[in-house]
Structures are given as C-alpha cells and as structure tokens.
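Okay, so here's the structure we're looking at.
The shown structure was predicted, so the numbers you read here are calculated from the model rather than taken from an experiment.
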Amino acid sequence: MNKYEVYMAPMQGVTEAPFRNLFEQYFGGIDAYYTPFIRWEHGGVRRKDLRDISPDRNSVCKLVPQLLAGTADEAESILQYIIDCGYREVDINMGCAYPVLAKKGKGSGILAHPEQVADLLQVVHRHSQVKFSVKMRLGYNNAQEGLDLLPLLNKTPLTRIVIHARTGIQQYKGACDREAFTRFAAGCNHPLLYNGEMLDEKQWKQMCNLSSRIVGVMWGRGLLAAPWRASEFRDGRIWTLEDKRVALRGFHEDLFAWYRENMEGGDRQILTKMKAIWEYLLPGAERKLRKKIHKAQRFADYIPAVQALIQTFEPSMEQLSPVVDEDEF
C-alpha cells in the first residue's frame with residue numbers, strides 16, 4: 001500500500017459528476033476528486049456548475065469544489081454557493097493557463113501580481129470553518145514568481161498546495177521544471193502535491209526524497225490514458241489485461257448510457273460529449289479504430305468502433321497523449 005495520496009485533476013468538459021462517479025466505481029485508487037473550476041459569470045454562478053457539485057449527484061469518496069476568481073470579493077460570492085451546497089473544503093484555482101482568463105488576472109495570470117494574490121487569499125482568513133487548498137503553477141512568467149509568493153502562502157492557513165510544475169505562459173507545452181518544484185518545496189510549510197508530467201517510479205522516489213512536504217500526486221491526462229494507474233500506484237497490484245478490458249467496458253457502457261438518458265439532443269450531440277473523453281482515453285490505442293470513433297456521427301457507427309478498440313487494446317498502448325497536459329483548461 002503506497003502512503004502517498006492520488007488526486008484526480010479537474011478537466012473542463014470531462015471530469016464531471018457522472019465521469020467521477022463511474023471512475024471511482026470501476027477503477028478507484030483516488031483519494032480526492034477536484035471539480036472543474038466554478039466562476040462568477042453574468043451576475044452569478046452557472047447552473048451547470050451548481051448541478052455538478054450537487055451532493056445528490058456525487059457519490060465519490062471525497063469531492064473538493066474548486067473556485068476561480070480574481071479578488072476576495074469575487075471568491076466570496078462563489079464560495080457562498082459552495083457552502084450552501086454543504087461543502088466545507090474548497091480549492092482556489094491559481095493555475096489555469098487559459099489565455100482569456102489569465103490575461104484578466106485569474107488562474108495562473110494572478111501569480112504575476114502579488115498584491116492581487118494577497119487580496120484573493122483574504123477569503124481564506126474570513127472563513128475559519130472552511131478548509132482551503134490552492135492549486136497553482138510555478139509562476140506565470142517564470143518560477144521566481146511562485147517562490148516570491150511563499151511568505152504569503154506560508155502564513156495562509158491551507159490544507160495543501162497542488163503545484164503544476166510549469167509556468168502559465170507555457171500553458172500545457174514544454175517540459176515540467178522539477179528543479180523549480182523542489183526549490184518551491186524546500187521553502188513551503190504546507191503539504192504539497194505534484195502535478196504535471198507523469199513520473200516513473202524511480203523519478204517519483206527521487207523527488208520525494210528531496211522534500212518531506214510532498215504527500216502525493218494529482219493526475220489528469222495521464223490518469224485518463226490509463227485509468228487503472230491510480231489503483232496500481234496506491235495498492236501496489238498490477239492489473240491484468242482482462243481486468244483492464246472488463247473495467248473499460250463497464251465504465252464506457254455506463255457513462256455512455258448516462259449521457260443518452262440525461263443529455264438532450266440526438267446522436268451527434270451525445271457523441272460530441274463522448275469524443276471529448278476519447279481525446280484522452282487510451283491515446284495509444286489502434287489508430288484506425290480511434291479515427292472511426294472520432295468520425296462516427298451515429299450510435300450505430302460509434303458503438304462497434306469502441307467495442308473493437310477495447311477488445312484489441314494492449315498494455316503497450318498505455319502511452320500519454322501529446323494533446324494537452326494533465327491540468328484544467
């Protein structure tokens with residue numbers, strides 16, 4: 001049994017309530033799930049975001065709603081909706097690299113403005129009954145920005161900090177800066193989770209030996225590429241090929257059935273939702289079958305393509321997708 005925790009990274013449009021619930025049922029290995037960020041928009045919080053965090057829609061072991069804001073007052077407005085849903089643990093997003101939001105001083109964009117970060121974190125001090133964590137980048141322009149924020153972060157009562165080991169301007173490309181991550185860990189007083197590129201066992205042990213502050217990892221893209229990875233990491237038991245195929249079939253069939261039953265629209269609308277998941281799921285699987293899935297416009301074409309892909313899946317296909325990294329959009 002691995003002593004380190006595994007968290008599922010939030011991915012907009014993918015890791016929503018039905019996905020999370022079924023992932024836990026079929027694959028497990030996750031200690032906490034972070035929701036895609038909730039933001040203030042057109043005078044309120046979107047209804048779809050509130051539905052996604054509704055307790056009656058979520059059955060996972062632990063769900064941490066995540067908010068995205070540029071000021072403490074904005075965060076306060078969002079937080080009230082979250083508290084009203086019964087949550088007493090919330091994450092503050094300072095990691096989203098989406099340019100439209102970053103340029104407004106939100107997500108990773110706020111990291112270049114220490115005064116704005118200080119204002120935003122005032123919401124933590126206002127609510128002693130709520131546990132707060134922060135998910136952030138090393139910085140927006142460079143890793144020094146994150147290091148400069150350490151005195152402020154250290155005096156803010158946080159349960160943990162999740163660090164995506166890239167800067168905001170890198171977005172989801174280029175190598176993670178593990179050296180900068182370890183420098184941040186050396187000066188941090190809070191428990192830390194590593195987020196970024198998938199690490200092999202040797203790299204993970206080397207990193208953990210550098211700092212006792214590291215308590216776990218947050219995985220996104222890499223976890224979707226091989227959904228059993230968290231369970232294997234935590235429990236130390238390698239899944240058989242048949243275990244993987246059975247879990248994949250059950251997970252996909254139940255998720256597809258949920259969207260067919262609950263999502264408005266015809267074949268194309270529902271398949272668009274499922275194809276978004278296939279951007280990450282088993283990226284190394286047989287290319288012709290993946291192409292058939294993405295070209296399918298009818299359930300009659302989509303279903304046999306998925307069935308064939310799962311049946312021909314092999315462990316050698318568990319590679320990471322180059323499309324986007326393991327973080328929220």
Side-chain angles (χ1 to χ4, degrees), residues 2 6-31 33 36 58-61 198 200 217-263 267 270-326:
N2 198 314
V6 181
Y7 286 15
M8 177 178 280
M11 300 176 69
Q12 293 285 337
V14 177
T15 60
E16 298 167 341
F19 183 99
R20 298 188 298 260
N21 294 339
L22 290 169
F23 189 98
E24 176 145 299
Q25 177 182 336
Y26 283 99
F27 302 109
I30 304 296
D31 295 286
Y33 298 76
N58 288 277
S59 59
V60 296
C61 58
M198 188 67 64
D200 62 30
V217 293
M218 176 176 276
W219 285 334
R221 175 181 60 94
L223 192 57
L224 270 65
W228 38 83
R229 186 172 273 126
S231 182
E232 290 183 336
F233 177 83
R234 195 175 71 174
D235 300 336
R237 181 185 70 83
I238 302 301
W239 285 34
T240 68
L241 177 57
E242 186 59 22
D243 287 340
K244 295 173 181 178
R245 286 178 175 167
V246 168
L248 280 169
R249 288 191 193 99
F251 173 77
H252 176 269
E253 288 174 5
D254 284 359
L255 186 62
F256 186 36
W258 193 95
Y259 282 120
R260 291 179 72 173
E261 182 177 346
N262 294 279
M263 186 174 173
D267 290 22
I270 294 169
L271 289 180
T272 296
K273 189 69 176 179
M274 296 303 299
K275 290 175 189 178
I277 296 167
W278 281 107
E279 289 289 339
Y280 309 97
L281 190 61
L282 307 184
E286 212 283 318
R287 187 173 180 180
K288 289 183 179 179
L289 291 174
R290 288 185 60 82
K291 191 173 182 179
K292 282 186 177 182
I293 289 173
H294 286 288
K295 289 181 68 175
Q297 299 298 318
R298 301 180 305 148
F299 294 159
D301 299 319
Y302 172 80
I303 293 172
V306 171
Q307 291 173 339
L309 184 147
I310 293 175
Q311 184 58 39
T312 58
F313 165 76
E314 297 286 347
S316 61
M317 297 174 177
E318 295 175 23
Q319 64 187 53
L320 300 184
S321 165
V323 178
V324 72
D325 206 275
E326 41 194 90

side-chain contact (heavy atoms from CB on, under 4.5 Å) filter on Ile238, not counting sequence neighbours, yields Glu232
In residues 246-258, what donor-acceptor pairs under 3.5 Å come from side-chain atoms, sequence neighbours left out?
| from | atom 1 | to | atom 2 | distance (Å) |
| --- | --- | --- | --- | --- |
| Arg249 | NH2 | Gln311 | OE1 | 2.6 |
| His252 | NE2 | Tyr302 | OH | 2.7 |
| Asp254 | OD2 | Tyr26 | OH | 2.6 |

Mark yes or no for whether Asn21, through its side chain, and Ser59, through its backbone, hold a donor-acceptor pair below 3.5 Å.
yes
So Phe19 and Phe23, would you call those rings parallel, tilted or perpendicular, with 30° and 60° as cut-offs? parallel
When rounded to the nearest 0.5 Å, the distance separating CH2 of Trp239 from NZ of Lys244 is 9.0 Å
Sequence neighbours excluded, the answer for side-chain hydrogen bond (donor to acceptor under 3.5 Å, both in side chains) partners of Arg245 is none
Heavy-atom closest pair (Gln12 atom, Pro36 atom, distance to 0.1 Å) is NE2-CB, 3.4 Å
Separation between CG (Leu282) and CG (Leu289), nearest 0.5 Å, reads 11.5 Å
| request: Carefully, step by step, assess Val14 and Leu224 under the rule side-chain contact (heavy atoms from CB on, under 4.5 Å). | output: CA-CA 10 Å; Val14 177; Leu224 270 65; 3.6 Å; yes
Taking every heavy atom of His294 against every heavy atom of Trp278, the minimum-distance pair comes out as NE2-O, 3.9 Å
Nearest heavy-atom contact between Ala230 and Gly28 is CB-O, 3.9 Å
To the nearest 0.5 Å, atom CE of Met8 lies from atom OH of Tyr33 at 5.5 Å
- Query: More than 12 foreign heavy atoms under 6.0 Å from CD of Glu242: is that the case here?
  - Reply: yes
task: Report yes if the side chains of Pro10 and Met218 come closer than 4.5 Å at any heavy-atom pair, otherwise no.
output: yes
Smallest heavy-atom separation, Leu241 atom then Glu314 atom, equals CD2-OE1, 3.7 Å
Here the gap from Glu279 atom CD to Met11 atom CE, rounded to the nearest 0.5 Å, amounts to 10.0 Å
Taken to the nearest 0.5 Å, the spacing of Leu281 CG from Leu223 CG works out to 10.5 Å
Query raised in the report: For atom NZ of Lys275, is the number of surrounding heavy atoms from other residues, nucleotides or ligands below 6.0 Å larger than 12?
Result: yes
Surrounding NZ of Lys292 (heavy atoms of other residues, nucleotides or ligands, distance under 6.0 Å), is the total greater than 12?
no
* Asked: Charged N to carboxylate O under 4.0 angstrom, Arg234 versus Asp31?
  -> yes
Spell out, as yes or no, whether a donor-acceptor pair under 3.5 Å connects the side chain of Asp267 to the backbone of Phe299.
yes
#### Entry: Arg229 side-chain N/O to Gly29 backbone N/O, donor-acceptor pair under 3.5 Å
no
